[in-house]
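Naming convention: chains lettered A, B, ... in sequence-line order (proteins, then strands); numbering from 1 in each chain. Computed from a prediction, not measured in an experiment: that's the story for all the values here. Side chains are part of it too, since the values below use all heavy atoms of this structure and drop only hydrogens, waters and symmetry mates.
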Amino acid sequence: MARFLIRRLVLLVAVLFAVTFLGFSAMNFLGDPLFNVVGLMAELDCEAIEAGSAEDTSLDRARSDCETVAEARATYHLDRPVPVRYLLWVGDMFTGDFGTSFQNDQPVAEIIREKLPETLILLVMAQIVSLGVAIPWGVIAAYRANRAFDRGSTVASFGLLSIPNFALGVVLLYLLSLRWQIFPSAYESDSVVGLVFSMVLPAATLGLPLAASYQRLLRTDLITTLQEDFVHMARAKGLPPMRIMFRHALRPSLFSVVTVFGVSTGAMIGGSLVVEQIFGIPGIGREIVTAVVRDDFPVVLAIVMLVACTFVVINFVVDLFYSWLDPRVRAR
Amino acid sequence: MSPDGRPSRKGRASRQRLLRRFRVFRLVRSSKGPESDGPGEDEAVRRRLGVGFWLAVVWLVVMAFIALFAPMLPFADPTKVGYSGPREPPSADAWFGTDALGRDVFSRTMYGARISLAVGGFAIVFGMVVGGALGILAGYFRGRLDQAVGFAFFVLLSFPALVLAILITATLKRSLLVVSLTIGILAVAPVGLLARASTLVYAEREFVAAARVLGARNGRIIVRELLPNVVIPMGALTLLGMAVAVVAEGSLAFLGLSVAGDEAISWGKMIVDGAGLRDLQNATHVAMFPVVVMFVTVLALNFAGDRIRQYFDVKELAF
């Protein structure tokens with residue numbers, strides 16, 4: 001186990017380095033790094049401005065811009081070779097210094113701290129919705145396997161998995177909030193109840209397709225479990241069928257769902273970008289889209305790194321958890 | 001199909017022909033296990049494609065035809081502002097109504113198929129060529145190369161797909177080629193893993209050993225012996241991969257990060273245009289028609305893809 005843990009940790013560190021390096025390269029090789037940091041000012045020809053006549057007042061602004069550019073060169077170590085720059089940048093990130101947004105000079109770390117809670121609430125609620133829907137759905141489908149309900153739910157889950165999440169979001173928004181006016185259409189944060197209530201639709205948009213895939217897994221596992229002797233035993237004792245399903249058969253059938261649960265949390269982060277956009281939730285997904293449109297590169301890079309690293313760590317933890325549940329995995 | 005649910009003799013014979021033609025060796029023999037999906041899916045079911053499959057294929061062929069020949073078909077000009085009044089409901093004149101700028105929604109929806117299918121098709125071909133090549137090389141030569149390629153795939157999969165796409169499209173000019181390449185890069189790792197896994201299986205087989213004994217070089221073994229076998233499972237998952245790519249492009253377009261410009265009509269872009277609260281309330285058709293067409297297209301890709309996957313009995317990898 002110890003050797004396995006060490007191997008996994010080495011892999012984790014290597015992947016984190018690779019992921020950050022990819023993000024860093026995107027910033028430095030795909031675009032002009034100076035432009036990505038200071039925006040249009042990067043195109044100033046500073047030497048010519050310095051050489052211009054000292055009295056010309058119209059040059060004052062340009063000169064101060066030039067100072068900003070020079071400053072940015074120093075802060076972002078743009079005068080150093082690339083590998084050094086990369087290490088410095090990673091070091092900055094680890095100490096929580098993500099740079100400043102050049103839209104409003106706000107530290108990026110602060111922006112993220114402000115926006116992250118909304119996204120986290122959304123993700124947690126989406127998982128609650130998906131499990132809350134999937135467990136009863138899967139149990140009933142397995143209880144009457146291959147009957148009308150089960151066949152119908154196969155079709156329904158196939159449809160749910162095929163609908164792009166932004167399309168589902170728009171349809172839900174239209175039906176449940178505009179047409180029937182059950183849920184509010186706008187984000188509210190005045191009270192906890194209002195917040196939770198306004199998050200139901202976004203959470204359902206993220207959670208329903210997930211519920212469909214959980215339901216498939218749970219149904220398959222439950223059908224296997226229902227062949228076991230202890231289920232026959234419980235049935236022979238005359239226990240009510242739903243008690244058997246929920247108290248006896250459900251727990252040993254949750255294995256697949258638990259393993260997918262972790263991975264899907266990571267995958268849902270991508271979906272939350274879109275969902276926040278539809279329902280106007282001020283989370284990091286909305287922030288990154290605004291930042292991309294405005295070429296606010298420090299914000300984009302910081303959020304991408306945050307999300308990717310979280311994703312890597314979640315997968316790492318799930319992997320460990322999985323190998324703890326099933327020792328055969330360790331032998332790989 | 002005969003009423004007792006077994007494949008007709010004709011169907012079985014044609015399948016046998018198909019199998020011989022492609023020299024299919026099953027990648028995974030799954031008579032049981034999670035793949036067989038409970039009691040519903042036995043051999044007989046797996047081996048017929050069914051009516052739904054052909055309906056899906058018809059839809060896809062029609063959409064592909066429209067996408068290819070849209071400028072030659074009698075559609076209204078999709079970019080013409082003020083084709084008739086703004087936000088008009090569907091009528092005989094404008095079948096899907098008009099959007100906020102008075103543009104013809106039907107014509108825009110049809111033109112929207114072009115970017116979606118072009119990006120989807122390009123992405124999956126790119127994924128198969130690059131990912132397939134890397135996967136086969138890694139699976140055949142093993143060792144250091146395998147480790148390096150495996151690590152690269154692992155890193156690619158460490159980004160949530162949409163986030164990686166945003167990182168690339170944020171830094172580059174958003175042209176059709178860039179968006180297609182971006183989504184193609186997303187396809188490399190899953191396709192590559194599949195190619196590697198099936199190469200590992202076939203590299204152990206007798207016919208590869210026989211070829212080696214006969215003095216075949218590595219290049220010949222890879223191209224003549226391994227490639228034809230590895231292409232089958234990759235090809236069987238093409239449509240499923242395309243569905244993912246079409247949704248990915250739609251998501252990017254929805255966020256305003258797909259192909260830029262007014263000329264570039266995309267379903268995702270149309271949906272976000274019609275998804276403002278007032279538009280959604282008063283002119284639902286602007287968003288709903290592209291939603292429906294996109295949903296049916298993705299459904300058709302998934303359904304046909306799933307049938308083909310079952311037909312060739314390929315185990316699904318995490319796409």
Side-chain angles (χ1 to χ4, degrees), chain A residues 11 14-16 18-19 22-23 26-27 30-31 36 142 145-146 150-151 154 158-159 161-167 169-171 173-174 178 185-186 216-217 219-221 223 256 263 266-271 273-274 277-278 288-289 291-293 295 297 300-301 303-304 307-308 311-312 315, chain B residues 32-40 151-152 154-172 243 246-248 250-257 267-268 271-272 274-275 277 280-282 284 287-288 290-292 294-303 306 318:
Chain A
L11 184 67
V15 168
L16 282 179
V19 164
L22 261 184
M27 176 163 170
L30 294 182
N36 288 330
N146 287 324
D150 186 35
R151 293 200 177 271
T154 304
F158 203 88
L161 288 172
S162 290
I163 188 164
N165 54 10
F166 54 92
V170 170
V171 172
L173 178 66
Y174 172 67
L178 295 180
S185 59
R216 305 303 306 155
L217 289 172
R219 172 188 170 277
T220 311
D221 283 5
I223 288 174
S256 314
V263 181
M268 246 176 19
I269 299 175
L273 305 185
V274 173
Q277 203 70 12
I278 301 173
I288 194 177
V289 174
V292 167
V293 174
D295 283 328
F297 211 86
V300 177
L301 189 60
I303 294 179
V304 168
V307 169
F311 193 45
V312 171
N315 281 335
Chain B
K32 258 181 96 180
E35 189 51 34
S36 64
D37 208 15
F151 184 71
F154 195 76
V155 170
L156 276 178
L157 290 174
S158 296
F159 286 94
L162 199 55
V163 172
L164 183 59
I166 286 177
L167 182 66
I168 301 174
T169 48
T171 43
L172 293 176
V246 167
V247 172
S251 306
L252 275 183
F254 190 86
L255 296 176
L257 302 177
W267 290 331
I271 294 171
V272 76
L277 286 183
L280 210 51
Q281 180 79 282
N282 301 324
T284 318
M288 284 311 153
V291 163
V292 168
M294 184 166 191
F295 170 61
V296 175
T297 307
V298 175
L299 189 68
L301 283 170
N302 270 336
F303 193 80
D306 200 47

Next on the checklist: Taking side chain as everything from C-beta outward and backbone as N, CA, C, O, which of these in A:Val289 sits under 4.5 Å from a heavy atom of chain B? Side chain, backbone, both or neither.
Outcome noted: side chain
Item to check | Contact class of A:Ala14 relative to chain B, heavy atoms under 4.5 angstrom | outcome: both
Next on the checklist: Apply side chain to side chain contact (heavy atoms under 4.5 Å, CB included) to residues B:Phe295 and A:Val171 and explain how you reach the verdict.
Outcome noted: CA-CA 11 Å; B:Phe295 170 61; A:Val171 172; over 6 Å; no
Checklist entry - Given that the side chain runs from C-beta out, which part of A:Ile303 has a heavy atom under 4.5 Å from chain B: side chain, backbone, both or neither? => result neither
Checklist entry - How far apart are the C-alpha atoms of A:Val292 and B:Ile166, what are their side-chain angles, what is the distance that settles it, and do they pass the side chain to side chain contact (heavy atoms under 4.5 Å, CB included) test? => result CA-CA 8 Å; A:Val292 167; B:Ile166 286 177; 3.7 Å; yes
Item to check | Derivation of the side chain to side chain contact (heavy atoms under 4.5 Å, CB included) call for A:Phe311 and B:Val163 | outcome: CA-CA 11 Å; A:Phe311 193 45; B:Val163 172; over 6 Å; no
Checklist outcome for this item: When every non-hydrogen atom of B:Leu167 is compared with those of A:Gly23, the smallest separation belongs to CD2-CA, 3.8 Å
Checklist entry - Side chain, backbone, both or neither: which part of A:Leu217 has a heavy atom under 4.5 Å from chain B? => result neither
Next on the checklist: So which residue, B:Val291, B:Val155, B:Val247, B:Leu255, ends up with the most heavy-atom pairs under 4.5 Å with chain A?
Outcome noted: B:Leu255
Checklist outcome for this item: d(A:Leu22 CG, B:Leu156 CG) to nearest 0.5 Å is 7.0 Å
Next on the checklist: Only pairs of heavy atoms separated by less than 4.5 Å count here; which of A:Ile288, A:Val300, A:Leu173, A:Asp150 has the most with chain B?
Outcome noted: A:Leu173
Item to check | Atom group of B:Ala287 that falls short of 4.5 Å from chain A, counting heavy atoms | outcome: side chain
Next on the checklist: side chain to side chain contact (heavy atoms under 4.5 Å, CB included) for B:Phe254 and A:Ile278? Distances and angles first, verdict last.
Outcome noted: CA-CA 9 Å; B:Phe254 190 86; A:Ile278 301 173; 3.4 Å; yes
Checklist entry - Does any heavy atom of chain A fall under 4.5 Å from the side chain of B:Phe159, the backbone, both, or neither of them? => result both
Item to check | Heavy-atom contact with chain B under 4.5 Å, split by part of A:Val15 | outcome: both
Checklist entry - Can you tell which of A:Asn165, A:Val312, A:Val19 has the highest number of heavy-atom pairs within less than 4.5 Å of chain B? => result A:Val19
Item to check | Portion of B:Leu299 that has a non-hydrogen atom of chain A nearer than 4.5 angstrom | outcome: both
Item to check | Engaged part of B:Phe303 at the chain A interface, taking heavy atoms whose separation is under 4.5 Å | outcome: both
